[in-house]
Protein chains: 2
Amino acid sequence: MQVMQIKVAIVDDDKDMRTSLATLIRRTASLQLLGNYANGEIALEEIPRQPPDVVLMDINMPGMAGIECVRQLKAIVPAVQVLMLTVYEDSDSLFNSLKAGASGYLLKRTSSSKLLEAVRDVHAGGSPMSPQLARRVVQFFSKPQGESQITHLSPGEREFLQLLTKGYVYKEIAEQMNISTDTVRYYVRTVYEKLHVHSRTEAVVKFLHG
Amino acid sequence: MQVMQIKVAIVDDDKDMRTSLATLIRRTASLQLLGNYANGEIALEEIPRQPPDVVLMDINMPGMAGIECVRQLKAIVPAVQVLMLTVYEDSDSLFNSLKAGASGYLLKRTSSSKLLEAVRDVHAGGSPMSPQLARRVVQFFSKPQGESQITHLSPGEREFLQLLTKGYVYKEIAEQMNISTDTVRYYVRTVYEKLHVHSRTEAVVKFLHG
DNA sequence: AATGTGGCTGCATATTCATGCAGTTGCTTC
DNA sequence: GAAGCAACTGCATGAATATGCAGCCACATT
């Protein structure tokens, strides 16, 4: 039995791009082209009728922007996986797309073979992303630079901080760590000192992205 | 002139893995194997003497864990790019690695060709990541579903939250907003209700990345 | 005019937090 | 083995927070 084809739809206002993507999809046996839409409004109408597995979405289109289209599309058909395509490496677009529910994010200059691979990845539950863009995401997590004082905390102190951010009160933290609530207070002291803060809020903020 | 070789070091406690990685690197003309270390302690001593461009780091080793090793290594030699290797798709390890300063994150079952590509990517300033793992990161951003409650906060409530994250006490917030401290308490109530939280910490965390 | 509503203020109180002081254990160092 | 130190526990207390109840005012609805 043949492997099930992945159903794909394209949303892009650029005619050339659209046809070249369409050709690529049609030439690939494992993919099936379901639709080809020139703008967000049409896509939002047509896609729900015949939901594809994967949508290739141009990020900047006149009228409804790609990001808004993703947001609404995911609200109607949560199961579709959206792969954003863009020429810009702009950070805001990237993060907003992810927040809107996009699963992957590729630069348009991505090679055909990579693009096909990305379609399969995203359909398999992955989140393909151009390495340059992934770096933006990674940097969101890594401390700006230099060393925040967080570096030299003991494992216990880290665990404590972790629980602190969860909103647990000292008693609950004590239970989870199997220590007395007075020892929790002890951690409060040592950690606050190392972080140079004087309140729970400051500690949490610093830990989260300080 | 020949293209500059990328200098690579390996940190992995598993001898088989180490030699197989080493062989792969040596066979590749564009890469140069600088060192091959069996644990984090040795790596921390040796790597700074002769800093490589890229470090392949096993994430779970006896003794110092890979994550801790990254943290300390990046503190000493910030320029090195670290690629984490793991057999597990565990979310915590992933996020903690990124926070510690790792640039990429691959599953060990990644093919040789992908791994070599990843080394080049990370050296070129990218952040290669297995699609399955990238999905975890992406999910971190996308709202679980629907819209985060933060969207429909009034400007005043937003300003209040902003100040809350700064660590100001109610009295100070009142001064900055030119309202009474009792009105600050009022904001506390309405905001907590909208955010479905019951403590300052939870509110701050939700506001920072809800 | 009466009613209702949302934004703000005031007051009260129970809970949680921040921090100082002191005592224990166990391990290292001279 | 004495002294030092780090990790933990206990107790105490003032400060800050969370939340209930109630009154006021401006404005909209009936």
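Proteins get letters first, then strands, A, B, ... in listed order; numbering begins at 1 in each. What you see below is based on every heavy atom in this structure, not just the backbone, and it leaves out hydrogens, waters and symmetry mates.
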Report task. Decide if atom CD of A:Glu193 counts as having more than 12 heavy atoms of other residues, nucleotides or ligands within a radius under 6.0 Å. Result -> no
Report task. Answer yes when B:Glu68 and B:Arg71 have at least one side-chain N-carboxylate O distance shorter than 4.0 Å, and no when they do not. Result -> yes
Report summary line: So ring-ring contact (aromatic ring centres under 6.0 Å, His included) across residues 170-192 of chain A, not counting sequence neighbours, yields A:Phe160-A:Tyr187
Dump the pairs, protein N or O against N or O of nucleotides 4-8 of chain D, anything under 3.5 Å, distances to one decimal.
from	atom 1	to	atom 2	distance (Å)
D:dC8	OP2	A:Tyr187	OH	2.9
D:dC8	O3'	A:Thr183	OG1	3.4

Query raised in the report: Rounded to the Å, how far apart are A:Phe160 CZ and C:dC17 P?
Result: 10 Å
Report summary line: Here the distance between atom C1' of C:dA18 and atom CG of A:Leu195, to the nearest Å, is 15 Å
Requested in this report: Determine the contact category for B:Arg189: base if any of its heavy atoms lies under 4.0 Å from a base atom, sugar-phosphate if only primed atoms, P, OP1 or OP2 are that close, otherwise nothing.
Outcome: base
Query raised in the report: Could you give the distance from NZ (B:Lys99) to OG (B:Ser97), rounded to the nearest 0.5 Å?
Result: 11.0 Å
Query raised in the report: Between the side chain of A:Arg200 and the main-chain N/O of A:Leu164, is any donor-acceptor distance below 3.5 Å?
Result: yes
Requested in this report: Figure out the CG/C1' separation between B:Asn178 and C:dC8, and round it to whole Å.
Outcome: 14 Å
Query raised in the report: Mapping A:Tyr168 and B:Asp182 to their closest nucleotides on DNA chain C, which lands nearer the 5' end?
Result: B:Asp182
Query raised in the report: How long is the line joining CD of B:Glu193 and C1' of C:dG7, in whole Å?
Result: 14 Å
Report task. Measure from the side-chain heavy atoms of A:Arg185 and tell me the nearest of D:dT19, C:dA18, C:dG10. Result -> C:dA18
**Report entry** B:Lys74 side chain to B:Ala100 backbone, donor-acceptor under 3.5 Å
**Finding:** no
Requested in this report: Give B:Ser199 one of three labels, base, sugar-phosphate or nothing, depending on what nucleic acid heavy atoms sit under 4.0 Å from its own.
Outcome: sugar-phosphate
Requested in this report: Let me know the distance between NZ of B:Lys171 and P of D:dA16, rounded to the nearest Å.
Outcome: 8 Å
Query raised in the report: Quick one: is C:dA18 close enough that its OP1 or OP2 comes under 4.0 Å of any side-chain N or O from A:Tyr192?
Result: yes
Query raised in the report: B:Glu172 has an atom CD; how far is it from atom P of D:dA15, in whole Å?
Result: 15 Å
Query raised in the report: Is any NZ, NE, NH1 or NH2 atom of the basic residue among A:Lys108 and A:Asp58 found under 4.0 Å from an Asp or Glu carboxylate oxygen of the other?
Result: yes
Query raised in the report: Whole Å only: how far is the CG atom of A:Leu164 from the P atom of C:dC17?
Result: 8 Å
Query raised in the report: Rounding to a whole Å, what distance do you find between B:Tyr170:OH and C:dC17:C1'?
Result: 12 Å
